[in-house]
Participant: 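One structure, as structure tokens, below. Some questions next.
Reminder, nothing fancy here: chain letters follow the sequence lines and each chain counts from 1.
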Amino acid sequence: MSITAEEIKKIAYLARLEFTEEELKNFSGDFNKILVWMEKLNELDTTSVEPLIHMSHEINVLREDEVKITLTHQEALSNAPKKDTDYFRVPKFLS
Amino acid sequence: MKRYNTLREVRSDIASGAISCVTLTQYYLDNIERKKHLNAYVEVYANEALAQAAIVDEKIKAGTAGKLAGMVVGLKDVLCHKGHGVQASSKILSGFISQFNGTAVQRLIDEDAIIIGRQNCDEFAMGSSNENSAFGPVLNEIDPTRVPGGSSGGTAVAVQADTCLVSLGSDTGGSVRQPAAFCGIVGFKPTYSRISRYGLLAYASSFDSIGIIARSIEDTALVLEVIAGSDDNDSTVSTTVVPEYSKSTPYTKKASVCYLKEALESPGVADDIKEVMRKQIASLQAKGHTVEPVAFPLLDYILPTYYILTTAEASSNLSRYDGVKYGYRSSNATDLLSLYTKTRSEGFGKEVKKRIMLGTFVLSAGFYDAYYTKAQKIRRLIKETTEGLLQQYDFVLTPTTTTTAFKIGDHSGDPISMYLADIFTVQANICGIPAISFPKGTDANGLPIGLQLMTRAFEEESLLTFTQSLLDD
């Protein structure tokens, strides 16, 4: 299949990315080439094959639900680009 | 000071008084400075490493030193190291300081390793040439016009260029083995889940594994023994008992080995590499091992399967980088949506954005089953077929790479040609099995060639001892 510039823009919105028209043009070429390459998988009949979802050999790893401080409030805030004493700060989004 | 290839040599010279951890660390720091142009390090912890070296010297004298005392190590810029930067060589994590140690890093520290710095890599470990880094490309010491491989390029060059003894990298599709092959050293990826991923920045979680780059099998075995094993902070990590790999007895059995026919027949594999494969096969046979060619009809489906699944997982894993909690935040944002969008568009590099887009696409409504579920089914086919092969044979032998180190910029035009460079390494990650790249000769230009061995899950011990027997030739 081939994907249009409009569809790429929609995917970009879902991924919270944006591209200039120039980037978008270069990008669609690459993107379509890779998709065609990926479609090679359709050559294989997989009707009776279950998808492989988990790679770990461990099953239902459980532990006691104990309250622990693994990261303090201040440590969690320490890398924030913008914060106050208690919270991460972002532009206002409720009017 | 001479170049050390193993911790054993280091310890022997410390015991004789020829060197100390401090003089050794200073030697590596001088080498880092002299070889700065290779761009292997993002950050060097000179004072801290020297201070730690002095402490370890005292511990050695007191007889209280850990297993890794005297080992100077570097960390790929994807491993959390408390109080130190980690940013996956991406602008989007600019200024990020880790608040905790990842499990593997903590275990190195607990056994008295000296951490000398963090190393350049492809952004978020996505790449095969170390050209996709916010810190610029890493150069191969053997020929600085060539790439070191990727994504753990800085990690491999740091060991190649004698700036540390061992490095930890990460391997999602060959990111430890391929650069080790391009740099003429040992690169090892264990079974999936053998080493805790706690504190490893995630790229594709069902493929990611911490790997070891070293100059010897014995150091690889020792480091694996220290960092592997169960961990309360990673519910996927294996609870299978960790053998004392460093005390393994030499491999004396007659092994049965298969090699992929395509490795000797495909026009994509360089002639000099085929020649090294043929020699290796002959030498194995001369020693009484059984070596047989096998066809792997699913070979052509390995890379598309890998790229569908890893981009899907990456698009999900990398959604956390939004400019709110840590790292880079765009100053051009006007509202919350543009804060996310501008931060991500300005902060991520080209290859990472491409993979997030592909991953978002294959997971999107209407395409999910056709791409993502299909690839998960083929992953099962590839895994089961490979396991079937490993029922019959102890090891699978392949070249690590199809060519030796290529020129910087060589693959910039065609996105798929770069992906094809990983054809032999990706299989081990798709199947979750252990694999190692070991150096075997050079091509006509003097560039190192690496061969790869794969084996059954959790059979690292025989993989390491068998590889050692091939290096002793």
Participant: Name all pairs fulfilling the salt bridge (charged side-chain N to carboxylate O under 4.0 Å, His left out) condition that reach into residues 12-29 of chain A, sequence neighbours left out, sorted by first residue then second.
Facilitator: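 Passing the test, one end in residues 12-29 of chain A: A:K9-A:E21, A:E18-B:K342.
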Participant: Of all of A:R89, A:K10, A:R63, which one pairs up most often with chain B through heavy atoms under 4.5 Å apart?
Facilitator: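 If we count pairs closer than 4.5 Å to chain B, A:R89 comes out on top.
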Participant: With a 4.5 angstrom heavy-atom cut-off, could you sort out which part of B:T373 is near chain A: side chain, backbone, both or neither?
Facilitator: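 Looking at B:T373, backbone and side chain both touch chain A.
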Participant: Going by heavy atoms in the side chains, are A:L52 and B:K377 under 4.5 Å from each other?
Facilitator: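 Side chain of A:L52 against side chain of B:K377, heavy atoms only: no contact under 4.5 Å found.
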Participant: Does CG belonging to B:D232 count more than 12 external heavy atoms closer than 6.0 Å?
Facilitator: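 Incorrect, the count does not exceed 12.
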Participant: Please examine the side chains of A:L35 and B:Y371, heavy atoms only from C-beta on, and report whether any two atoms are closer than 4.5 Å.
Facilitator: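 Answer yes - side chains close enough.
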Participant: Could you check whether any side-chain heavy atom of A:M38 comes within less than 4.5 Å of a side-chain heavy atom of B:T305, counting everything from C-beta outward?
Facilitator: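 Side chain of A:M38 against side chain of B:T305, heavy atoms only: no contact under 4.5 Å found.
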Participant: For the residue pair B:Y307 and A:W37, categorise the inter-ring angle as parallel (less than 30°), tilted (30 to 60°) or perpendicular (more than 60°).
Facilitator: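 The arrangement is tilted - the two ring planes meet at 30° to 60°.
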Participant: Without swapping roles, check the side chain of A:N79 against the backbone of B:G327 for a donor-acceptor pair under 3.5 Å.
Facilitator: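 Side chain of A:N79 to backbone of B:G327: no pair is present.
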Participant: Check whether B:I382 gets within reach of chain A through its side chain, its backbone, both or neither, counting any heavy atom under 4.5 Å.
Facilitator: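 Neither part; nothing is under 4.5 Å.
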Participant: Write down the atom of B:K353, the atom of A:F19, and the distance for their closest heavy-atom approach.
Facilitator: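 Smallest heavy-atom distance, with atoms named: CD-CE2, 4.0 Å.
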Participant: Is it the side chain or the backbone of B:F207 that comes within 4.5 Å of chain A heavy atoms, both, or neither?
Facilitator: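 Neither part, no heavy atoms under 4.5 Å.
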Participant: Quick one: CD on B:Q99 to CD on A:Q74, what's the gap to the nearest 0.5 Å?
Facilitator: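 Nearest 0.5 Å value for the CD-CD distance: 11.5 Å.
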Participant: Is the shortest heavy-atom distance from the side chain of A:E7 to the side chain of B:F361 under 4.5 Å?
Facilitator: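 No - every pair of side-chain heavy atoms lies 4.5 Å or more apart.
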Participant: Is any side-chain heavy atom of B:Q376 closer than 4.5 Å to a side-chain heavy atom of A:E50?
Facilitator: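 They are not in side-chain contact.
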Participant: Can you name the one residue among B:L363, B:T360, B:L358, B:I356 that meets side chain to side chain contact (heavy atoms under 4.5 Å, CB included) with A:I11?
Facilitator: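 Between A:I11 and the candidates, side chain to side chain contact (heavy atoms under 4.5 Å, CB included) is satisfied uniquely by B:T360.
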Participant: Contact part of B:S206 toward chain A, heavy-atom cut-off under 4.5 Å: side chain, backbone, both or neither?
Facilitator: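 Both backbone and side chain.
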Participant: Checking the side chain of B:R344 only, and the main-chain atoms of A:L17 only, is there a donor and an acceptor separated by less than 3.5 Å?
Facilitator: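 A pair under 3.5 Å: no.
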Participant: Please name all residues satisfying side chain to side chain donor-acceptor pair (under 3.5 Å) with B:Y328, sequence neighbours left out, ordered by chain then number.
Facilitator: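 B:Y328: side chain to side chain donor-acceptor pair (under 3.5 Å) contacts with B:E346.
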Participant: Shortest non-hydrogen contact from A:L44 to B:K374?
Facilitator: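 In terms of heavy atoms, the two residues are closest at O-NZ, 2.7 Å.
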Participant: Quick one: closest heavy-atom pair of B:D300 and A:K40, and the distance?
Facilitator: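 Result for this residue pair: CB-CE, 3.5 Å.
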Participant: When only pairs under 4.5 Å are counted, which of B:K383, B:E384, B:R379 shares the most heavy-atom pairs with chain A?
Facilitator: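 Of the options given, most contacts go to B:R379.
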Participant: Counting heavy-atom pairs under 4.5 Å with chain A, which one of B:S345, B:A370, B:G359, B:A375 comes out on top?
Facilitator: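 Ranked by heavy-atom pairs under 4.5 Å with chain A, first place is B:S345.
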Participant: With a 4.5 angstrom heavy-atom cut-off, is it the side chain or the backbone of B:Y372 that approaches chain A, or both, or neither?
Facilitator: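 Contact with chain A is absent: no heavy atom of B:Y372 under 4.5 Å.
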Participant: Taking the side chain as every heavy atom from C-beta outward, state whether B:R380 and A:P51 have any atom pair closer than 4.5 Å.
Facilitator: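 B:R380 vs A:P51: side chains apart.
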Participant: Looking at A:S78, A:P81, A:P91, which has the largest count of heavy-atom pairs under 4.5 Å with chain B?
Facilitator: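 Of A:S78, A:P81, A:P91, A:P81 has the most heavy-atom pairs under 4.5 Å with chain B.
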Participant: OG/B:S235 to CG/A:N60 distance, rounded to the nearest 0.5 angstrom?
Facilitator: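 Answer rounded to 0.5 Å: 10.5 Å.
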Participant: About how many Å separate OH of B:Y301 and CD of A:E43, when rounded to the nearest 0.5 Å?
Facilitator: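 The distance works out to 4.0 Å.
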Participant: Looking at chain B, which one of A:H54, A:K82, A:K83 has the largest number of heavy-atom pairs inside 4.5 Å, strictly under?
Facilitator: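 That would be A:K82.
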Participant: With heavy-atom distances below 4.5 Å as the criterion, would you say the side chains of B:M357 and A:I8 are in contact?
Facilitator: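 A side-chain contact under 4.5 Å exists here.
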Participant: Name the region of A:E58, side chain, backbone, both or neither, that has any atom closer than 4.5 Å to a heavy atom of chain B.
Facilitator: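 Only the side chain of A:E58 comes within 4.5 Å of chain B.
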Participant: Tell me, side chain or backbone of A:I53 under 4.5 Å from chain B's heavy atoms, or both, or neither?
Facilitator: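 For A:I53, heavy atoms of backbone and side chain both lie under 4.5 Å from chain B.
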Participant: Side chain, backbone, both or neither: which part of B:L339 has a non-hydrogen atom closer than 4.5 Å to chain A?
Facilitator: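 Contact with chain A is through the side chain of B:L339 alone.
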Participant: Starting from the C-alpha separation in whole Å, work towards a yes-or-no answer on side chain to side chain contact (heavy atoms under 4.5 Å, CB included) for B:Y192 and A:H57.
Facilitator: CA-CA 9 Å; B:Y192 178 76; A:H57 302 253; over 6 Å; no
Participant: If you count heavy-atom pairs within less than 4.5 Å of chain A, which of B:L309, B:V362, B:I378, B:L93 leads?
Facilitator: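 Looking at each option in turn, the highest pair count goes to B:I378.
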Participant: Do you know which of B:G432, B:S238, B:A457, B:S193 has the most heavy-atom pairs under 4.5 Å to chain A?
Facilitator: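 Sorted descending by pairs with chain A, the first entry is B:S238.
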Participant: Within a strict 4.5 Å, meaning less than it, do heavy atoms of the B:K354 and A:D30 side chains meet?
Facilitator: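 In short, these two side chains touch, coming nearer than 4.5 Å.
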